[in-house]
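First the structure, in the form of structure tokens, and then the observations on it.
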Amino acid sequence: MDEQPRLMHSHTGVGMAGHPGLPQHMQEGTGGTDGDGRKQDIGDILQQIMTITDQSLDEAQARKHALNCHRMKPALFNVLCEIKEKTVLSIRGAQEEEPPDPQLMRLDNMLLAEGVSGPEKGGGSAAAAAAAAASGGAGPDNSAEHSDYRAKLTQIRQIYHTELEKYEQACNEFTTHVMNLLREQSRTRPISPKEIERMVNIIHRKFSSIQMQLKQSTCEAVMILRSRFLDARRKRRNFNKQATEILNEYFYSHLSNPYPSEEAKEELAKKCAITVAQVSNWFGNKRIRYKKNIGKFQEEANMYAARTAVNAANASSHGSQANSPSTPNSAGTCLSPDNAPL
DNA sequence: GTGCATGATTATTT
DNA sequence: AAATAATCATGCAC
């Protein structure tokens with residue numbers, strides 16, 4: 001209460017650091033022959049100064065109260081409000097309506113499509129699958145990759161939601177605070193509800209621009225994730241052994257015309273759990289590579305030819321019993337035994 | 001790290 | 001539009 005030294009001397013350096021209210025300091029600072037009298041004076045002044053603020057505050061408060069209670073106050077206040085509203089509206093009546101930001105809508109759509117902003121787990125995995133399909137159809141069998149992708153996506157989603165919630169909370173807090181402040185002030189200066197609303201709008205706009213940044217970086221993260229994990233070219237996976245065997249079996253048993261029809265491709269795709277496009281790729285690659293170096297593939301060709309022959313023999317000798325339990329990989333090889341190995 | 005295998009992509013041909 | 005040929009980029013064994 002009594003130590004407010006910076007008010008009395010330009011002795012700031014020392015005064016701030018120590019206890020300037022102490023006698024020694026006073027004596028030093030003032031040269032101090034009749035220190036006691038001086039000290040008394042200063043003490044009085046200090047006391048006065050200190051009480052001034054309190055008094056004036058009280059006084060102001062009282063005056064405010066008096067004004068508030070004045071009988072003309074409501075009428076005057078209304079007039080002021082009216083005038084202000086008119087001028088304010090005339091100044092910025094035009095820019096009231098804000099069209100939905102197309103950029104923001106784009107981001108929202110993308111986040112929804114990727115399953116980041118959508119519903120919980122279910123939507124996420126569905127969106128992941130959709131994303132996989134959209135990216136050219138990476139095989140649905142590489143589950144390790146997929147779970148990895150999903151985990152990362154979930155991580156992104158969590159971060160996104162946490163941040164969004166944080167922003168929202170901050171926005172609400174800030175808005176409430178400002179509104180309270182304005183409402184409080186509206187008792188002493190003309191603030192129309194419209195003005196408050198406008199202020200709230202401004203705040204929301206500011207916060208939504210922050211949100212947009214969040215959305216943007218989330219989108220970027222998802223895009224990077226997708227290109228890293230689902231771009232089939234970058235992350236090529238070999239087909240599993242069974243799929244390769246099915247494809248090879250077909251290839252070598254149709255060596256004279258290794259061009260599966262669209263239906264055959266579809267069936268092969270289903271059996272191998274890959275897409276038709278992948279089947280086409282495989283046959284395209286296989287044909288060209290086989291042709292380029294038949295010798296290299298001779299062994300493989302013989303093997304599959306023998307296997308097909310055995311299967312054909314089994315099929316014919318056992319009549320309708322096409323499926324032999326000892327060869328699970330021969331599912332549906334009895335298409336047509338027109339193999340013509342070179 | 002290197003080299004080959006392999007799935008995907010791209011440009012060209014049919 | 002499909003097939004081919006060349007090429008890319010990764011997977012994988014060594």
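Just so you know, these numbers use all the heavy atoms, side chains as well, and skip hydrogens, waters and symmetry mates. We name chains A, B, ... by the order of the sequence lines, and we start the count at 1 in each one.
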Are any of the side-chain heavy atoms of A:Ile274 and A:Leu268 separated by less than 4.5 Å? no
Among pairs that include at least one residue of residues 160-173 of chain A, which meet salt bridge (charged side-chain N to carboxylate O under 4.0 Å, His left out), considering only residues two or more places apart or in two chains? A:Glu163-A:Lys166
Can you measure A:Trp282 atom CH2 to B:dA5 atom P for me and round it to whole angstrom units? 15 Å
4.5 Å side-chain heavy-atom contact, A:Phe283 and A:Tyr259: no
Set of ring pair (Phe, Tyr, Trp, His ring centres under 6.0 Å) partners for A:Phe207, sequence neighbours left out: none
What integer distance in Å separates A:Phe297:CZ from B:dC4:P? 14 Å
OP1 or OP2 of B:dG7 versus the side-chain N and O atoms of A:Gln278: is any pair under 4.0 Å? no
Any non-hydrogen side-chain atom of A:Leu164 less than 4.5 Å from a side-chain atom of A:Leu214? yes
Atom CG of A:Asn238 and atom C1' of B:dA8: how far apart are they, to the nearest Å? 12 Å
Check this for me: does any side-chain nitrogen of one of A:Lys241 and A:Glu245 sit under 4.0 Å from a carboxylate oxygen of the other? no
Atom CG of A:Asn281 and atom P of C:dA1: how far apart are they, to the nearest Å? 18 Å
Hey, what are the protein-to-nucleotides 12-14 of chain B N/O distances that come in under 3.5 Å?
none

Can you pull every protein N or O that's under 3.5 Å from an N or O on nucleotides 2-6 of chain C?
from, atom 1, to, atom 2, distance (Å)
C:dT4, OP1, A:Tyr259, OH, 2.2
C:dT4, OP2, A:Arg287, NE, 2.5
C:dT4, OP2, A:Arg287, NH2, 3.2
C:dA5, OP1, A:Lys291, NZ, 3.0
C:dA5, OP2, A:Lys291, NZ, 3.1

Whole-Å gap separating P (B:dG7) and NZ (A:Lys241): 14 Å
Using ring pair (Phe, Tyr, Trp, His ring centres under 6.0 Å) as the criterion, list what pairs up with A:Tyr160, not counting sequence neighbours. none
Applied to residues 286-301 of chain A, the salt bridge (charged side-chain N to carboxylate O under 4.0 Å, His left out) test, sequence neighbours excluded, yields A:Lys286-A:Glu300
Nearest whole Å is fine: how far is B:dG7 C1' from A:Asn240 CG? 13 Å
So A:Lys286, base contact, sugar-phosphate only, or nothing? Heavy-atom distance under 4.0 Å. nothing
To the nearest Å, give me how far apart CZ (A:Phe239) and C1' (C:dC12) are. 16 Å
State yes or no: are the ring centers of A:Phe251 and A:Tyr290 separated by less than 6.0 Å? yes
